[in-house]
Undergrad: 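One structure, pasted below without further comment.
As the structure lists them, so they are numbered: ligands from 1, and atoms in each ligand from 1.
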Amino acid sequence: MNRGLNRFALLVACATFFLIIAGALVTSNDAGLATNDWPLSNGQVFPKMVGNLFWEHGHRLVATTVGLLTIGLTIYLFAKEKRQWVRRVGVFGLFAVIAQGLLGGLTVKLMLPLAVSTAHATLAQLFFCTTVGLAVFTSQSWLEAKPTLEEKGTIPLRYLCTAALVTIFFQLILGATLRHSATWDKPLPIELVLAHIGGALAVTIMLGMASSTVLRRYKGEQFLTRPATIALGLLVVQLFLGVAAYLTRSASPKDPQPLNPMIGITVAHVACGALVFATTIVLTLRTFRVICVRDQALNLSPRVVSN
Ligand code: HEM
Ligand code: HEM
C-alpha cells in the first residue's frame, strides 16, 4: 500500500466535496450569471470579488484547484499504482473534471439553460464519487480485505446495494432538474416536487433494505456495517433537509433577494445528497470486495485476492 497516494486521493475527494458546496452556493445565491464571460471573468483572471462575483469567481478558483489536484493524482497513480484498472479510474476522473469545467463554461455562455445546468450538477456528483472510489481503492482496508464472507440470502447483497445506488443517482438527477427549473424568485414546479418526493420514498426503501440487510446478515463486520450505518444516518438528515429546503424555498419568492436560511438549507441538502451517494458507493464497493459469490467461495482466484 502507498500511504502517500491514498492520502492524496483523500485530499482530492475532500477538495471535491468542498467544490460541490462552492458550486451549490453559486446556484442558491443566484450568482450563475454574475459574469457572462468565460474562461475569464469580466475579461480578467482575478477580478474584484464584489457582490455575486465572489460566489461565481470563487467557485471557478476552487474548480481550478481541484482540476490541478486531479492532474496531480493521475500522475501520482501512473507513477506508483501497479493495478491498471485503478489507473484507468484515475484517467476517467481526469476526463470527467475536464468535461465538468467545459460544461461549467457552457452553462455561463448559454445563460444557464436547464439541461446544461442539470448536467453540470449531475456530473459533479459522478466526479465526486470517482474521487471517493479512488480513495477507497488505494486504502489499506481495501487492500487487506479478502473475499471471505459468504452470500447469505436469496437476493445477493451486492445487487441490493447496486439497486440503492442507481435509485440515488436518479434522485440526484431529479433534484438537480427541480433545483434548476426555477430561480429563487419563482415557485418550484409542483410536478417535479412530487416526482422528487416519490424519488425520496424510493431511495428510503432501497437504501433502507440494503443497509438493514447488511446490519442483519453481517453483524460484527465493521467493514460493511460502518458505511451502512453512516448511509442510513445521512439519509435521515437528508430527508429532514429536503422538507426544510421545500419550506424555505416556497417562502423565497417573497424575499427581496436570496436570503438565509434558504441558501444555507438548500446548499446543505445538495451537500448531504452527495454524502449519501458517496457512502452508498463505499458500501457497494465493499460488498463486491468481501462477499464472494458461490464460485469464488469454492475457488478463490489469485486475482480476486490480490486486488
Ligand atoms: C471542474 C469542476 C467543477 C465542479 C465539480 C463543479 C460543481 C458545481 C456544482 C456542484 C454546482 C451546483 C449545482 C447545483 O447547486 O445545483 C455548480 C454550479 C455552477 N458552476 Fe460549477 N463546477 C465545476 C467547474 C465549473 C467551472 C469551470 C465553471 C465556469 C464557469 C462553473 C460554473 C458554474 C455555474 C455558473 C454554476 C451555477 C449554475 C446555475 O446556477 O444554474 N463550474 N458547479
Ligand atoms: C432521499 C432523499 C433525497 C435526496 C438524495 C435528495 C437529493 C437532492 C439533491 C442532490 C438536490 C439538488 C441537486 C443539485 O442541484 O445538484 C435536491 C433538490 C431539492 N430537494 Fe431533495 N433529496 C431528497 C429528498 C427530498 C425531500 C424529502 C424533499 C421534500 C420535499 C426534497 C426537496 C428538495 C427541494 C425543494 C430541492 C430544490 C432546492 C432548491 O430549489 O434549491 N428532497 N434534492
Side-chain angles (χ1 to χ4, degrees), residues 15-39 41 55-57 59-67 70 96-109 111-114 116-118 120-128 131 167-184 186-188 192-194 196-207 234-250 252 258 262-263 265-267 269-277 280:
T16 308
F17 181 60
F18 180 65
L19 175 56
I20 288 183
I21 295 175
L25 279 164
V26 178
T27 306
S28 288
N29 280 288
D30 199 21
L33 290 178
T35 170
N36 59 3
D37 193 9
W38 184 80
S41 289
W55 302 113
E56 197 345 355
H57 192 69
H59 172 55
R60 292 188 192 191
L61 292 181
V62 183
T64 309
T65 309
V66 169
T70 310
V97 83
I98 294 169
Q100 177 69 354
L102 294 175
L103 269 179
L106 201 64
T107 199
V108 169
K109 282 290 179 196
M111 317 272 271
L112 313 184
L114 172 63
V116 183
S117 288
T118 303
H120 187 65
T122 306
L123 187 56
Q125 303 274 359
L126 274 182
F127 171 64
F128 175 50
T131 62
T167 316
I168 296 170
F169 184 58
F170 280 115
Q171 174 72 342
L172 297 181
I173 299 176
L174 260 178
T177 314
L178 170 64
R179 185 162 157 77
H180 291 278
S181 293
T183 40
W184 64 275
K186 300 199 177 61
L188 290 165
L192 278 177
V193 173
L194 291 175
H196 191 62
I197 293 175
L201 196 68
V203 170
T204 307
I205 293 170
M206 298 310 293
L207 187 55
L234 287 168
L235 174 65
V236 173
V237 176
Q238 180 68 350
L239 290 171
F240 277 110
L241 284 172
V243 176
Y246 177 72
L247 296 177
T248 53
R249 195 60 171 72
S250 305
S252 76
M262 187 279 282
I263 298 172
I265 289 176
T266 52
V267 170
H269 188 58
V270 175
C272 192
L275 290 181
V276 172
F277 194 36
T280 310

Undergrad: Measure L188 to ligand 2 on non-hydrogen atoms and call it side chain, backbone, both or neither using the 4.0 Å cut-off.
TA: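 Near ligand 2, L188 shows its side chain, while the N, CA, C and O stay back.
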Undergrad: Report, in ascending order of atom number, the atoms of ligand 1 lying under 4.0 Å from any heavy atom of G32.
TA: 35 (C)
Undergrad: In terms of residue, atom name and distance, what is the protein heavy atom nearest to atom 23 (C) of ligand 1?
TA: H120 CE1, 3.5 Å
Undergrad: Name the closest protein heavy atom to atom 9 (C) of ligand 1, giving the residue it belongs to and the distance to 0.1 Å.
TA: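 Protein heavy atom at minimum distance: G23 CA, 3.7 Å.
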Undergrad: State the atoms of ligand 2, each with its element, that fall below the 4.0 Å cut-off from a heavy-atom position in I197.
TA: 30 (C)
Undergrad: Tell me: protein heavy atom nearest atom 5 (C) of ligand 1, and distance?
TA: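 Answer, as residue, atom name and distance: L19 CD2, 3.3 Å.
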Undergrad: With a cut-off of 4.0 Å, which atoms of ligand 1 are near a heavy atom of W38?
TA: 29 (C), 30 (C)
Undergrad: Which protein heavy atom lies closest to atom 28 (C) of ligand 1, and at what distance to 0.1 Å?
TA: G104 CA, 3.6 Å
Undergrad: Show your reasoning for whether side-chain hydrogen bond (donor to acceptor under 3.5 Å, both in side chains) applies to H57 and S41.
TA: CA-CA 7 Å; H57 192 69; S41 289; 2.8 Å; yes
Undergrad: Has A176 got any heavy atom lying under 4.0 angstrom from an atom of ligand 1?
TA: no
Undergrad: Could you list which atoms of ligand 1 come closer than 4.0 Å to a heavy atom of A124?
TA: 7 (C), 10 (C)
Undergrad: Return yes when V276 approaches ligand 2 closer than 4.0 angstrom through a heavy atom, no otherwise.
TA: no
Undergrad: Decide whether the shortest distance between a heavy atom of V270 and an atom of ligand 2 is less than 4.0 Å.
TA: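 Per 4.0 Å heavy-atom rule, V270 contacts ligand 2.
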Undergrad: Kindly give the heavy-atom pair with the smallest separation between H180 and A121, and that separation in Å.
TA: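 It is NE2-CB, 4.1 Å.
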Undergrad: Return the closest protein heavy atom for atom 30 (C) of ligand 1 as residue, atom name and distance.
TA: R60 NE, 3.3 Å
Undergrad: May I ask you to check if ligand 1 and E56 share an N or O to N or O distance below 3.5 Å?
TA: no
Undergrad: Between T65 and L61 (side chain of the first, backbone of the second, donor and acceptor by atom type, cut-off under 3.5 Å), is there such a pair?
TA: yes
Undergrad: Any atoms of ligand 1 less than 4.0 Å from a non-hydrogen atom of A24? List them with their elements.
TA: 11 (C), 12 (C), 15 (O)
Undergrad: I'd like the name of whichever of A200, S181, G199 reaches closest to atom 24 (C) of ligand 2 through any heavy atom.
TA: A200
Undergrad: Taking 4.0 angstrom as the limit and counting only heavy atoms of V108, give me the atoms of ligand 1 inside it, by number and element.
TA: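 Per the distance check, 30 (C), 35 (C).
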Undergrad: Kindly give the heavy-atom pair with the smallest separation between H120 and H59, and that separation in Å.
TA: NE2-NE2, 4.1 Å
Undergrad: Backbone or side chain, does any N or O of R179 fall under 3.5 Å from an N or O of ligand 1?
TA: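 N/O-N/O distance below 3.5 Å exists for this pair.
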Undergrad: Would you call G67 a ligand 1 contact, heavy-atom distance under 4.0 Å?
TA: no
Undergrad: Looking only at heavy atoms of T204, does any of them come nearer than 4.0 Å to an atom of ligand 2?
TA: no
Undergrad: Nearest protein heavy-atom contact for atom 4 (C) of ligand 2: which residue, which atom, what distance?
TA: Q238 NE2, 3.4 Å
Undergrad: Do the ring planes of F277 and F169 sit parallel (below 30°), tilted (30 to 60°) or perpendicular (above 60°)?
TA: parallel
Undergrad: When you measure from atom 36 (C) of ligand 1 to every protein heavy atom, which one gives the shortest distance, and what is it?
TA: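 Going atom by atom, the protein heavy atom closest to atom 36 (C) of ligand 1 ends up being V26 CG1, 3.8 Å.
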Undergrad: Between F128 and ligand 1, which residue portion shows a heavy-atom distance shorter than 4.0 Å: side chain, backbone, both, or neither?
TA: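 Within the 4.0 Å criterion, F128 makes no contact with ligand 1.
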Undergrad: Relative to atom 34 (C) of ligand 1, which among T122, T107, T27 owns the nearest non-hydrogen atom?
TA: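 Looking at heavy atoms only, T107 sits closest to atom 34 (C) of ligand 1.
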Undergrad: Can you name the nearest heavy-atom pair linking Q100 to A124, along with the distance?
TA: NE2-CB, 3.4 Å
Undergrad: I want to know if ligand 2 touches R249 in the polar sense, i.e. an N/O pair below 3.5 angstrom.
TA: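 In this structure, R249 places an N or O atom under 3.5 Å from an N or O of ligand 2.
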Undergrad: Mind listing the closest non-hydrogen atom pair of R60 and D37 along with its distance?
TA: NH2-O, 2.8 Å
Undergrad: Determine yes or no for a side-chain-to-main-chain donor-acceptor pair under 3.5 angstrom, with T131 supplying the side chain and F128 the backbone.
TA: yes
Undergrad: Report the angle formed at atom 21 (Fe) of ligand 2 by atom NE2 of H196 and atom NE2 of H269, rounding to the nearest 10°.
TA: 180°
Undergrad: Suppose we measure from atom 6 (C) of ligand 1 to each protein heavy atom; which comes out shortest, and what is that distance?
TA: Q100 NE2, 3.2 Å
Undergrad: Given that the side chain starts at C-beta and the backbone is N, CA, C, O, which of these parts of Q125 lies under 4.0 Å from ligand 1, counting heavy atoms, or is it both or neither?
TA: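 None of Q125 does.
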Undergrad: Look at the side chain of S28 and the backbone N and O of L25, then say whether any donor-acceptor pair between them is shorter than 3.5 Å.
TA: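 No; zero donor-acceptor contacts below 3.5 Å.
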Undergrad: Going by distance only, is there an N or O of T16 that falls short of 3.5 Å from an N or O of ligand 1?
TA: no
Undergrad: Near A121, which atoms of ligand 1 are under 4.0 Å from a heavy atom of that residue?
TA: 13 (C), 16 (O)
Undergrad: Numbering the atoms of ligand 2 from 1, which are under 4.0 Å from a heavy atom of L172?
TA: 10 (C)
Undergrad: Got a second to check how far T280's OG1 is from L207's CG, nearest 0.5 Å?
TA: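 Output value for this atom pair is 4.5 Å.
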Undergrad: Number the atoms of ligand 1 from 1 as they appear, then name those within less than 4.0 Å of a heavy atom of H180, with their elements.
TA: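 Those of ligand 1 that fall under 4.0 Å from H180 are 13 (C), 14 (C), 16 (O), 39 (C), 41 (O).
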